[in-house]
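Notes for the one structure printed next.
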Amino acid sequence: MSSATTYLTVAAMFALRAASTTQGMPTNREDFGQLVEDRYKWKIDALATEKVIRQLEAWRLISVINDKYAGEMLRLFGAKTDDALSYVSENGHQALVSNGLSGGVEWFKKVFGSTDFWVDLHNDPLASVDDESDATGVNPSDDLIPASDRIVTRSDNRAEIEVMESDFHGLVEELDSNNEVSIALGDEKDVINGELRTAETLISQPAFRLSKLSSLVLPALRYLAEKFASGAIGEMAKRLIAAIMGLM
């Protein structure tokens, strides 16, 4: 089961993923904590920030570098942010990462609104960077994302793939036929539609590489899930995100 520290760390990773395409990664603790606060509109104190940084260090997803002249600097993610999230998902926290992908900012706000969460976070020990494995069960010596690059075969995953095919087809139909959706998406509609069609073709094959599917279509699915959160498009996108994460 994921600890409160792991919940906050995963939330921070989603904040970092968003920042990587807009404002860049933070290089110090103060900016790191501020980034998380800005994302979720929730006060994150220095101890909570320290626990998150220590957890990321234990997972070997962050390095804290100390220079005698420049001081401390954070170097984040030897892998891409999505790869780092996949690594955490594969190592015992699939439900947490999947909920974060599907529920987004509002889901994490519900988590942070729980008094029990902050009590548990306060009681969580600091992750030990020197241990072979941290308290959440992740072995930092494991290679990043071994399962996300695996080959998925239709024969072994027929039921899951058929559900995905149905949702991909439904999304393409909605984008093609719904004028309001076309207006809302603007120039992005054709790009997203092309990615969805390519993904639909990819998973129709007897076997496909999971990393190719996730890198191709997860950004578009997340965008649709957030933009149309309360409608059929959002629900289909969320199901597809969960299905892809479930194959990892």
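None of these values were measured; they are calculated from a predicted model.
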Taken in chain and number order and not counting sequence neighbours, the residues that satisfy side-chain contact (heavy atoms from CB on, under 4.5 Å) with Glu50 are Arg29, Arg54, Leu126
Note: Tyr40 and Ala11 closest approach over all heavy atoms is OH-O, 2.6 Å
Going by atom type alone, with no hydrogens or angles, which donor-acceptor pairs under 3.5 Å involve a side-chain atom of residues 163-171 and a protein atom two or more places apart or on another chain?
unit_1	atom_1	unit_2	atom_2	d
Glu165	OE1	Arg154	NH2	3.4
Glu165	OE2	Arg154	NH2	2.4
Asp167	OD1	Arg239	NH2	2.8
Asp167	OD2	Arg239	NE	3.0
His169	NE2	Glu173	OE2	3.2

Between Pro219 and Ser215, the two heavy atoms sitting closest are CD-O, 3.8 Å
Under a side-chain separation threshold of 4.5 Å, the hydrophobic residues clustered together with Met73 are Ile65
| query | Within the distance-only criterion (no hydrogens, no angle test), does the side chain of Lys51 pair as donor or acceptor with the backbone N or O of Asp124 below 3.5 angstrom? | reply | yes
Q) Yes or no on side-chain hydrogen bond (donor to acceptor under 3.5 Å, both in side chains) for Ser214 and Ser211, after CA distance, side-chain angles and deciding distance? A) CA-CA 5 Å; Ser214 59; Ser211 60; 5.8 Å; no
Rounded to the nearest 0.5 Å, the CG atom of Leu240 sits from the CG atom of Leu224 at a distance of 9.5 Å
Note: Leu8 and Leu121 closest approach over all heavy atoms is CD2-CD2, 3.9 Å
Checking Ser182 against Lys189 for the side-chain hydrogen bond (donor to acceptor under 3.5 Å, both in side chains) test, could you report, in this order, the C-alpha distance in whole Å, the side-chain angles of both residues, the deciding distance, and whether it holds? CA-CA 6 Å; Ser182 296; Lys189 176 200 165 182; 3.3 Å; yes
Students should find that the hydrophobic cluster of Leu47, defined by side-chain heavy atoms under 4.5 Å apart, otherwise consists of none
Here the salt bridge (Lys or Arg N to Asp or Glu O under 4.0 Å) pairs for residues 216-235, sequence neighbours left out, are Asp82-Arg222, Glu235-Lys238
side-chain contact (heavy atoms from CB on, under 4.5 Å) filter on Asp190, not counting sequence neighbours, yields none
Between the OG atom in Ser155 and the CD1 atom in Ile161, the distance rounded to the nearest 0.5 Å is 8.5 Å
Residues passing the side-chain contact (heavy atoms from CB on, under 4.5 Å) test with Asn178, sequence neighbours excluded, are Glu174, Glu180, Val181
Whether the Thr6 and Ser3 side chains hold a donor-acceptor pair (N or O, under 3.5 Å, no angle test) is what I'd like checked. yes
- For Ala4, does its backbone N or O pair with a side-chain atom of Asp120 as donor and acceptor, under 3.5 Å? no
* Is Tyr223 linked to Leu85 within one hydrophobic cluster, defined over Ile, Leu, Val, Met, Phe, Trp and Tyr using a side-chain heavy-atom separation of less than 4.5 Å? -> yes
Could you give the side-chain donor-acceptor pairs of residues 102-116 under 3.5 Å, partners two or more places apart or in another chain?
unit_1	atom_1	unit_2	atom_2	d
Ser102	OG	Ser98	O	3.1
Ser114	OG	Asp116	N	3.3
Ser114	OG	Phe117	N	3.4

Exercise. Hey, does the side chain of Tyr87 reach the backbone of Leu61 with a donor-acceptor pair shorter than 3.5 angstrom?
Worked result: no
Taken in chain and number order and not counting sequence neighbours, the residues that satisfy side-chain hydrogen bond (donor to acceptor under 3.5 Å, both in side chains) with Gln205 are none
Residues at least two apart in sequence or cross-chain that pass side-chain hydrogen bond (donor to acceptor under 3.5 Å, both in side chains) with Glu162, listed by chain then number, are none
Between Phe208 and Leu213 the two heavy atoms that sit nearest each other are CE1-CD2, 3.7 Å
In residues 192-202, what donor-acceptor pairs under 3.5 Å come from side-chain atoms, sequence neighbours left out?
unit_1	atom_1	unit_2	atom_2	d
Asn193	ND2	Asp176	OD1	2.7
Arg197	NH2	Asp176	OD2	2.5
Thr198	OG1	Gly194	O	2.8
Thr201	OG1	Arg197	O	3.1

Residue set satisfying salt bridge (Lys or Arg N to Asp or Glu O under 4.0 Å) with Lys43, at least two apart, ordered chain then number -> Glu37
